[in-house]
Amino acid sequence: MANEKITQIVANALEKIKASSIADELVELKNTFLGKKSELSSMTSLIGTLPNEEKKSFGAAIHEAKEKISVEIEKKLAIFREKELNEKLAKESIDISLPGKDAHVGARNPFHVIIDEITDIFLGMGFEVAKGPEIESDLYNFELLNLPKDHPARDMQDTFYIDANTLLRTHTSPVQARTMEAKKGEPVRIICPGKTYRRDDDDATHSHQFAQVEGLVIDKDINIGHLKATLELFAKKMFGEKREIRLRSSFFPFTEPSVEVDITCANCGGKGCNICKGTGYIEILGGGMVHPNVLKMNGYDPDKYSGFAFGIGIERVAMLRYGIDDIRKFYTNDVRFIHQFGKKN
């Protein structure tokens with residue numbers, strides 16, 4: 001009688017499994033026919049009431065029934081899973097006959113191209129790169145560079161003050177002072193690239209924010225010939241082997257003697273044209289021999305050590321290199337301007 005009941009349960013289960021149309025129905029059937037509260041599970045309690053010779057066969061029949069129902073449920077579930085996967089793949093299929101979308105290829109701002117090129121040139125000459133904070137103290141920005149308070153030359157570097165003694169640096173020269181302080185009288189050969197700030201009118205050739213690469217060399221027996229040779233090599237590497245430089249006397253508080261450095265005009269080759277205003281030369285940077293006062297204030301004996309320093313305007317070099325007519329274009333984030341330099345760089 002009990003075995004007949006088991007056979008009836010299995011037949012009922014198989015019929016419902018066959019009739020199921022979704023996976024959720026199979027989960028419910030599994031709980032109904034194989035769960036702890038199912039008829040088959042409750043029938044195991046009858047084993048103890050049976051004679052010993054029937055217990056084994058009855059227990060085996062219950063186990064076989066559960067196994068058969070479980071196998072059929074898994075078979076039907078596999079069918080549903082395969083169907084679900086095929087439907088998903090059909091929805092996510094890609095039509096490879098459609099034209100692809102071109103990847104957007106950007107271009108580097110010439111500002112960064114020039115910084116990297118200048119850095120590579122001076123690294124090749126044995127210089128190291130030094131960096132410092134853009135928010136500086138009056139001490140490092142002016143005083144240690146031979147610009148004491150109320151010095152008239154400060155007017156040329158009017159800047160943005162945070163308080164009476166803290167400001168946005170007007171040049172990268174404070175990095176030179178910090179490096180000299182850290183070296184404690186040892187030789188120095190560095191360049192200092194970075195942003196600088198001055199209160200200035202915004203027009204085609206001026207900006208309140210601009211960038212410089214300054215250089216500093218300090219050692220024994222350094223003279224202005226070393227400065228000229230360094231800048232001459234830089235000009236040829238940066239603008240071409242045919243470019244020549246000339247030095248003109250100038251004034252900077254932190255160098256003595258001081259010079260303005262010009263290169264031959266690329267447009268006329270030094271003959272004179274409207275771009276160079278008939279001179280044949282275009283100014284690119286300033287420099288000079290480090291002032292003895294600067295050496296002394298920063299821990300060097302001017303009787304034993306000498307050095308030279310120079311400063312190059314990044315935007316100015318880029319404008320000369322690429323014929324850019326407005327410094328503000330570097331900062332407008334106009335992709336039409338940037339894309340002009342994609343193929344060149």
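None of the values given here were measured: they were computed from a predicted structure.
- Side-chain rings of Tyr305 and Tyr300 approach one another, their centers coming within less than 6.0 Å.
- Side chains of Lys131 and Cys192 form no contact here, defined as non-hydrogen atoms less than 4.5 Å apart.
- Side-chain rings of His171 and Phe254 approach one another, their centers coming within less than 6.0 Å.
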| message | Does Ile245 form a side chain to side chain contact (heavy atoms under 4.5 Å, CB included) with Phe234? I'd like the steps, not just the answer. | response | CA-CA 10 Å; Ile245 69 168; Phe234 161 72; over 6 Å; no
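- With sequence neighbours excluded, the residues that form a ring-ring contact (aromatic ring centres under 6.0 Å, His included) with Phe310 are Phe122.
- For Leu123, the CG atom is densely surrounded, since the number of other residues' heavy atoms within 6.0 Å is greater than 12.
- Within the 4.5 Å cutoff, the side chain of Val261 has no heavy atoms near those of the Glu283 side chain.
- With hydrophobic clusters built from ILVMFWY side chains whose heavy atoms lie under 4.5 angstrom apart, Ile114 shares a cluster with Leu233.
- Under the salt bridge (charged side-chain N to carboxylate O under 4.0 Å, His left out) criterion, no residue pair touches residues 6-26, with sequence neighbours excluded.
- The shortest distance between side-chain heavy atoms of Tyr161 and Thr166 does not fall below 4.5 Å.
- With hydrogens and angles disregarded, a donor-acceptor distance shorter than 3.5 Å links the side chain of Thr196 to the backbone of Phe210.
- One hydrophobic cluster, built from ILVMFWY side chains closer than 4.5 Å, cannot hold both Phe127 and Val175; they sit in different ones.
- Side-chain contact between Leu14 and Lys68 is present, with at least one heavy-atom pair separated by less than 4.5 Å.
- Contact check for Pro110 versus Phe337: side-chain heavy atoms found under the 4.5 Å cut-off.
- Listed for the Thr279 side chain is a donor-acceptor partner under 3.5 Å among the backbone atoms of Tyr281.
- From Lys329, atom NZ reaches atom CD1 of Ile338 across 11.5 Å, with rounding to the nearest 0.5 Å.
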| query | Yes or no on side chain to side chain contact (heavy atoms under 4.5 Å, CB included) for Glu244 and Glu232, after CA distance, side-chain angles and deciding distance? | reply | CA-CA 7 Å; Glu244 301 293 335; Glu232 194 166 43; 3.8 Å; yes
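- Between Tyr140 and Ala177, the shortest heavy-atom contact is CD2-CB, 4.1 Å.
- Under a 3.5 Å cut-off, the side chain of His226 and the backbone N or O of Asn223 do form a donor-acceptor pair.
- Within 6.0 Å of atom CG in Asp221, 12 or fewer heavy atoms from other residues, nucleotides or ligands are found, so the atom counts as exposed in its surroundings.
- For Asn141, the side chain to side chain donor-acceptor pair (under 3.5 Å) partners are Thr170, not counting sequence neighbours.
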| Pair Ile222-Met289, side chain to side chain contact (heavy atoms under 4.5 Å, CB included): steps then yes or no | CA-CA 9 Å; Ile222 298 295; Met289 301 302 294; 4.3 Å; yes
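- The 12-atom threshold is exceeded at NE2 of His151, counting heavy atoms of other residues, nucleotides or ligands nearer than 6.0 Å.
- Annotation: salt bridge (charged side-chain N to carboxylate O under 4.0 Å, His left out) contacts involving residues 163-184, sequence neighbours excluded, comprise Glu136-Arg178.
- Every side chain to side chain donor-acceptor pair (under 3.5 Å) that Thr255 has, sequence neighbours left out, goes to Ser258.
- Val294 and Phe308 fall into different hydrophobic clusters, defined by Ile, Leu, Val, Met, Phe, Trp and Tyr side-chain heavy atoms under 4.5 Å apart, directly or through other members.
- Electrostatic pairing of Arg189 and Glu128 does not count as a salt bridge here, judged by no charged N lying under 4.0 Å from a carboxylate O.
- Follow the hydrophobic side-chain contacts under 4.5 Å out from Val213 and you reach Ile324 in the same cluster.
- Contact of the Met125 side chain with the Thr230 side chain is registered, since non-hydrogen atoms from C-beta on lie closer than 4.5 Å.
- A salt bridge links Arg321 to Glu117: one of the charged nitrogens lies within less than 4.0 Å of a carboxylate oxygen.
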| message | If you apply the rule side chain to side chain donor-acceptor pair (under 3.5 Å), what do you find for Tyr197 with Glu134, and how did you get there? | response | CA-CA 9 Å; Tyr197 307 85; Glu134 293 180 21; 2.6 Å; yes
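- A distance-only check finds a donor-acceptor pair linking the side chain of Lys76 to the backbone of Ile17 [under 3.5 Å].
- Looking at Asp301 and Lys296, no side-chain N of the basic residue comes within less than 4.0 Å of a carboxylate O on the acidic one, giving no salt bridge.
- Looking at Val129 and Thr119, their side chains come closer than 4.5 Å, going by heavy atoms from C-beta outward.
- Annotation for Lys236: atom NZ counts as buried by contact number, over 12 foreign heavy atoms lying within 6.0 Å.
- Within the model, atoms CG of Asn165 and CG of Leu139 stand 9.0 Å from one another, a figure rounded to the nearest 0.5 Å.
- Residue pairs meeting the salt bridge (charged side-chain N to carboxylate O under 4.0 Å, His left out) criterion with at least one member in residues 258-277, sequence neighbours excluded, are Arg246-Asp262, Arg248-Asp262.
- Within a 6.0 Å radius of NZ in Lys149, other residues, nucleotides and ligands contribute more than 12 heavy atoms.
- To the nearest 0.5 Å, the span separating CD1 on Ile284 from CG on Leu231 amounts to 7.5 Å.
- Side-chain contact between Glu74 and Leu77 is present, with at least one heavy-atom pair separated by less than 4.5 Å.
- Two different hydrophobic clusters hold Val188 and Leu227 under the rule that ILVMFWY side chains link at heavy-atom gaps under 4.5 Å.
- A distance of 11.0 Å separates CD of Gln212 from CD1 of Ile115, quoted to the nearest 0.5 Å.
- The line from CG of Leu216 to OG of Ser173 is 9.0 Å long, rounded to the nearest 0.5 Å.
- Taking both residues in full, the closest heavy atoms of Gly272 and Cys268 are given as N-SG, 3.0 Å, listed atom of the first, atom of the second, then distance.
- Put simply, the side chain of Glu315 gets close to the backbone of Ala211: a donor and an acceptor are under 3.5 Å apart.
- From Glu67, atom CD reaches atom CD of Glu72 across 11.0 Å, with rounding to the nearest 0.5 Å.
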